[in-house]
Amino acid sequence: MKTAILPGALAPRESRGAARLLIAVAVVLTVLIIVVPLAYIFWRALSEGVAVFAQNILDPNTLHAIWLTTLVALITVPVNIVIGLSAAWLIARFTFPGRKLLLMVIELPFSISPIIAGVCYLLLYGRQGLLGPMLADADIQILFALPGIVLVTLFVTAPFVTREVLPLMQAQGSEQEQAALTLGASGFQIFRLVTLPNIRWALLYGAVLASARAVGEFGAVSVVSGSIRGQTNTLPLQIELLFNDLNIVGAFAAASTLTLIALATMLIKTLIEGRSKAA
Amino acid sequence: MTGAAITMPRRARSRRVLPGFGLTMGLTLSYVGIIVLLPVMALVLKGAEIGPQRYWEIVTAPRTLAALRLTVLAAAMATLFNAIYGLLMAWVLTRYSFPGRRLLDAMMDIPFALPTAVAGLSLTALFSANGWYGQVLEPAGITVVYTILGVAVAMSFTSVPFVVRTVQPILEDLDPAVEEAARSLGASPLTIFRRVIFPAIQPAFLVGATIAFARSLGEFGAVIFIAGNLPMKTEIASLLAMIRLEEYDYNGAAAIALTLMVIALILLGLSNWLQGRMQRKGGRA
Amino acid sequence: QDDSILNVSYDIARELFAEINPAFAAQWQETSGRSVAIEQSHAGSSKQARAILEGLPADVVTFNQVTDIDVLAEGGMVDENWRDAFPNDASPYYSLPAFLVREGNPKGIEDWDDLTRDGVQVIFPNPKTSGNARYTYLAAYAFALKQNGGDAEQAQDFVRKIFANVPVFDTGGRAATATFAERGLGDVLITFEAETGGIAQQYADENFQRVTPSLSVLAEFPVAIVTENAKRKGSEEVSKAYLDYLYTPEAQRILGRHFYRLNNPEIAAEFAADFPEVELVTVDDVFGGWDQARAEHFDEGGILDKVFVNQ
Amino acid sequence: MSLAMSNITRRFGQTEVLRGIDLTVDKGELVALLGPSGSGKTTLLRIIAGLDWPDAGSLAFDGDDWLARSAAQRRIGMVFQHYALFPHMTVQDNIAFGLTVLPRGQRPGKAQIAETVQRLLSFLQIAQLADRYPSELSGGQRQRVALGRAMAIEPRVLLLDEPFGALDAQVRRDLRRWLRNVHDSAGTTTIFVTHDQEEAFELADRVVVMNGGVIEQTGRPDQIYDHPATPFVARFLGLTVELPVTMQAGRAQAPGFDLTALARRALPDGPATLFLRPADIRPVADPAAPFRLTEIASTGALRRMVAENDSGCRIESELARRDCQGLETGMPVSLSALAGQIFSRTASPGATAPFAADDHIPHALKENRL
Amino acid sequence: MSLAMSNITRRFGQTEVLRGIDLTVDKGELVALLGPSGSGKTTLLRIIAGLDWPDAGSLAFDGDDWLARSAAQRRIGMVFQHYALFPHMTVQDNIAFGLTVLPRGQRPGKAQIAETVQRLLSFLQIAQLADRYPSELSGGQRQRVALGRAMAIEPRVLLLDEPFGALDAQVRRDLRRWLRNVHDSAGTTTIFVTHDQEEAFELADRVVVMNGGVIEQTGRPDQIYDHPATPFVARFLGLTVELPVTMQAGRAQAPGFDLTALARRALPDGPATLFLRPADIRPVADPAAPFRLTEIASTGALRRMVAENDSGCRIESELARRDCQGLETGMPVSLSALAGQIFSRTASPGATAPFAADDHIPHALKENRL
Ligand SMILES: Nc1ncnc2c1ncn2[C@@H]1O[C@H](COP(=O)(O)OP(=O)(O)OP(=O)(O)O)[C@@H](O)[C@H]1O
Ligand SMILES: Nc1ncnc2c1ncn2[C@@H]1O[C@H](COP(=O)(O)OP(=O)(O)OP(=O)(O)O)[C@@H](O)[C@H]1O
Ligand SMILES: [Mg+2]
Ligand SMILES: [Mg+2]
Ligand SMILES: O=S(=O)([O-])[O-]
């Protein structure tokens, strides 16, 4: 980020009025739109005291939901990283017919409602879907089990890594990689020694966003999860379930853990950015 | 030139300089095929199964139309708000230094990171008649919860980062000399923004707004909590698809889903085209 | 755990099965010497039925509507003659749509016709997705038929007026409850009597009052083994024992405590104070059975759509 | 009507970038700011333009305190290093910009603006490019557009920051001459920044040599060329051969060198340094001399030679090819210096006034570079 | 051990960027590819490097078909225009890169790599920079690191793409000389791309002038300098004054010009064009002459003059300052040409062989530039 250069001491005192006004409006809006809803979650979660809060969090079903959500993120994020990098390399470094189209397909999940993503998977893997009978014969359970949740999560998070890394790779051009090539490096060596160090912050940011989304996905997962208590309920689903159990404090307590994860993720991201700007 | 008729194989395009084409192509295509294309194909096939006439009937049924109208309208409202708010944020975050700027910057990503259901829950509680905001707004005659306003609020919350994050880097990268040039030519700050800065960020702005719009069209988790889901009034299209599903009406669900997807794709295509045109026009200096 | 079953159930049965399951597990341990883990899934009962058809691996279903199990039977998941598999047409308990109003009943809501008044806000879920709400619809309709000597036109008008007083349609019974109790919306909540009792108890400090209308529809709560799944998992035996257990005095007592009406006359007598007299009609009597009711009222373009959409 | 700067000082954090600049530029004058990278040229130009302000000092135009005025109020025309054209506007819109943003009262009518632009376009000989976008122009064309844009508002002072930096030699040379014409016919006061001495000398009426935030020397091009005032200026202007000499009665002496062509200097006896241009050194075949030619390279019209002696002293010289006949690698030579500048070795470079060459020496001798 | 290209052709979409390049570079030779922007220099270099492939033609090194080999297999060293250093590696890691990525079997030990790097660092005189990152280096230092990185793998061919493009004049000149030394002592075959003729002439053993995808001329620097083979080369090498002349019995004639110093040419009688360098034109005071001095500008050592006649013909000339004495603006002058190249006007430029100057003319005369 460019730090604004201040003019020298003799500069006439410019009125900072406009700037002040804009900053104030921005801060107020952000507080109203983002900060207060965020704060409200914690306020509600703690409204009946820390003991109730802890009890809600430590409920086995909630704990299981936390574990399941973590597991889903642990599976999807690495896959996202590998595939995202592969797609970015392909699109940034080669020209081939259909390149633009491929990029569009990769970004397709951005424009598909998560709930509809779930429907798509239902139509594909459901017992009455395209592949359903086949899967039923082979006794493979995809929907209403971990594989289904992982698959839809992969769907909704598919574009993140590519989207972060690709513009950077395109902007940087391939000259360094060509230099490495003339020096005799193999493909993997080039990637590991030259490309990766250049894009590592963008990659991390992409991974952070993908994991945030993986952890927080509700619509798509709710279609394919079957919401079996303590089994296929991810944390967002568990929150809805608690809400419908009329355990509102419990719902907000679970929500606050998710919010904490979100805040931690953003904190990591901000740190990363700080470092990459410094580097 | 020596007319030496050595026929050389045409090699140029048959060789790729950097390695990894086959590997990444294979990996990417199979992944995209399995994770993205195959399920979407299933939806399209289902849609094709319905037949054009039935499809038309479903989509033009009053309730569907109402839901689509509401969704598009609310998404438009949300996008309008986000466009303005996003531009303001991008501007403030790049142009001014003030205490807490980094924090404000970090806040921009919260809506992405926060699960939509949690957001919906929290917004509903805040805006309901006895919530923090509702207490102020209801007496003033503004009802947010269970109205189109609520739908728009939820949609705009979940798509806040799109405009900010697409405009911000462009704004950061803008050559300050161009603005200085305008300043030295006597332009006022407002004129500079209108005639020099905005045209430069316009393509990115457009893309950000379109993605925000597409995302709003599809937003579900946050909206269902705050919308009230009144058929013909506050029922969004993706909820209607969900309801159709729960009514065992697969055709209805697929038709609505397909329609939503097509609207989003048309919009994205349109914005890509516009952006391309703008870049050809002004483009790289 | 030696055995495990998944009970897929309707939305508002959360607290009920939270109490029944451990009791059954203890009994099963005693009788068979085996431990059992019982998983629960709750949602709108139609949604649940669809999920099972798509592959949700339920062993037993405990629903609030015959049609939802019929759908499973059509899909080959449940035996055709499932109603004969357990006593009392496979319905271990029953309930009826009833009202819950705010402290002191400020709007003076006593019966169905009070719901059509201007300025009364009525809360119940979406009949398209919730069995619960379908009963509500049918009960109001039956009331109007009776009131007007069987005039369908007037009955439809009556129901349409009630629908016009509904500010929000949630997808399940429980969400409607939350809307009424948590978000403070509406003057009256219509849901199963079992739910009104439970909520009145849980929100004791709000002093909600239960109101039983003069006439209501008998809501059966049918149960069935999802044979297709149970066979595959080898859980038929424990599934049958689980559903059988619901008929035992022990379980019936739990049900009574959750404000469900009981078929076992002795136990019912224990809870008589909780259950005011009410004229109960059945779907078979008034609507010619579920198949006809579905065709006439609930399918696309049926009467429900007319009163629903034309508001 | 002159632009007067006095004691202008500017700090960026810890670093003092301008350390007291005093300079007056007269109306109609064309002044070059010449100096190495980082010497503060751009900073000074930006202060004049009103894009930055000094920490101390004053800047006045015709008695009017410019430090109290914004860039927009000063009515200057600025041409940026990379032109900073508005990428989304056509050439004519770029040029018209300054006029279209005038307050409504002062703004000329549409037709009049179009006419002004048209006039400028033909003046700049780019009439046929009016509807192009900057990305569709060559570097030289962009340069003209940038100039046209700056001139449209009829600036009182025209400022140019390394206007020809990015262009190749041929184009650069053309534009340079063309700029001189433009300046002469428009009659503005012009200041331009460059680090290319040739450019400064060819274009400017007066050259200001900057170094490390101070002005090292100001003067007419040939004055500076012939009499660099400090070792820094000498080196910067190509007197790159530095020879330790001994002064004796005003004459410099060094073994193997014939320095008799240099005039007497008013320097104390003792060690001093002689600064020479390679082109002012002529190797002469001399079997007894300590130097030996070790390299001869051709660069078109010139030939570069290196002479070394046994103690490792390497002297370069540059001669026209035709003057090299008879010289070959390995040949022993003595070196005769045709012109040069001597600075006393005790003087700290860049700070002290030079012991400038006196003006008694016949011009021809001092400049005889062959 | 030579690099042989024949009939190399490359198209980008519709545009033919290389249109049949034939060139052989011998072992140990230092060849410059010289040409204007867009002439295909970089494209050719990239094909040699294995970063691009031609549409037709052949490329062989020492009989080995290089078109069948990948860039990594060719063992060339390439120095990119903007160096393309690895920004996240220190200088020594950059230089060591090529060695560390060798297959395990061939890879030298750690100590040995360190030693090689150390040797290169001192050879390149940047030993003290070993632990810096590229962003902490000046342009000239980066250049050296890029070269060191390319040389570490002991390449058989060293390729450089405008290696000095981004540097300023002083640094550029130093590096140029230093590169020549490096080339000589390492003994590699080197090809470098430039659009700066001075650079090409000073550095190269042989200069290849390219234009529009074809080779216009190949030859030793002075050969090309003295005898440009086509009008394009003539113009490109600074023979920018074009004079319509009439040939008569092998002699060129033009009113107001003294062309007697030019040798006879084997050209048919009739109209022709004489190409002159401004430095080869000397105005001589002559009251009867049709030309008049209209401008005199000083650029350091040189003085530029413009002479015009009544019909608007403008002739530029450049003289050393000391030769200008007595010349003043407004003075009538005749112009005498000292050297030049004549092309028959019917010949289509760039395609035909020139009617080159014959070699009978005394050298001194042809080159007398003063
Ligand atoms: N915003 C800034 N913050 C800190 N230092 C700066 C800033 N701008 C310039 N400098 C420093 O001030 C010094 C002078 O900069 P300036 O741009 O005036 O040099 P210059 O003479 O124009 O050089 P060049 O020929 O390279 O353009 C440099 O050392 C530069 O690093
Ligand atoms: N990838 C490409 N696609 C299309 N045209 C290209 C491509 N690369 C180069 N060209 C065109 O090929 C021509 C030759 O380019 P090349 O880079 O070889 O020129 P050059 O001689 O190196 O010029 P310069 O001195 O400006 O670097 C140019 O007209 C250029 O526009
Ligand atoms: Mg500068
Ligand atoms: Mg090039
Ligand atoms: O499942 S319901 O309770 O909503 O019918």
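Below, chains carry the letters A, B, ... as their sequence lines are ordered, and counting in each starts from 1. Only heavy atoms go into these numbers, but all of them, side chains included; no hydrogens, no water, no symmetry mates. Values in this document were obtained by computation on a predicted structure and should not be read as measured data.
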### Summary
dist A:Leu123:CG -> C:Glu54:CD (nearest 0.5 Å) comes out at 7.5 Å

### salt bridge (Lys or Arg N to Asp or Glu O under 4.0 Å) against C:Asp59, all qualifying residues, sequence neighbours excluded
C:Lys233

### Message
To the closest 0.5 Å, what do you measure between CZ (A:Arg127) and CE (C:Met77)?
### Response
4.0 Å

### Query
For C:Gln202, does the CD atom sit with more than 12 other heavy atoms under 6.0 Å from it, leaving out its own atoms?
yes

### Message
Please report the interatomic distance CG(A:Leu122) to CZ(C:Arg50), rounded to the nearest 0.5 Å.
### Response
5.5 Å

### Query
Do any of residues 246-256 of chain A come closer than 4.5 Å to chain C, heavy atom to heavy atom, and if so which ones, in number order?
A:Leu246, A:Ile248

### Shortest non-hydrogen contact from A:Phe144 toward C:Ala51
CE1-O, 3.4 Å

### Query
For chain C, which residues from residues 219-244 of chain A have at least one heavy atom closer than 4.5 Å to it?
A:Ser222, A:Gly226, A:Ser227, A:Ile228, A:Arg229, A:Gln231, A:Leu241, A:Phe243, A:Asn244

### Message
Please classify the contact of C:Leu56 with chain A as side chain, backbone, both or neither, using a heavy-atom distance under 4.5 Å.
### Response
both

### Summary
Contact list (residues 27-37 of chain A to chain C, heavy-atom gap under 4.5 Å, by number) returns none

### Task
Examine whether an atom of C:Glu182 lies under 4.5 Å from a heavy atom of chain A, and if so say whether it belongs to the side chain, the backbone or both; otherwise answer neither.
side chain

### Message
Is C:Ile199 close to chain A through its backbone or its side chain, or both, or neither, when contacts mean heavy atoms under 4.5 Å?
### Response
side chain

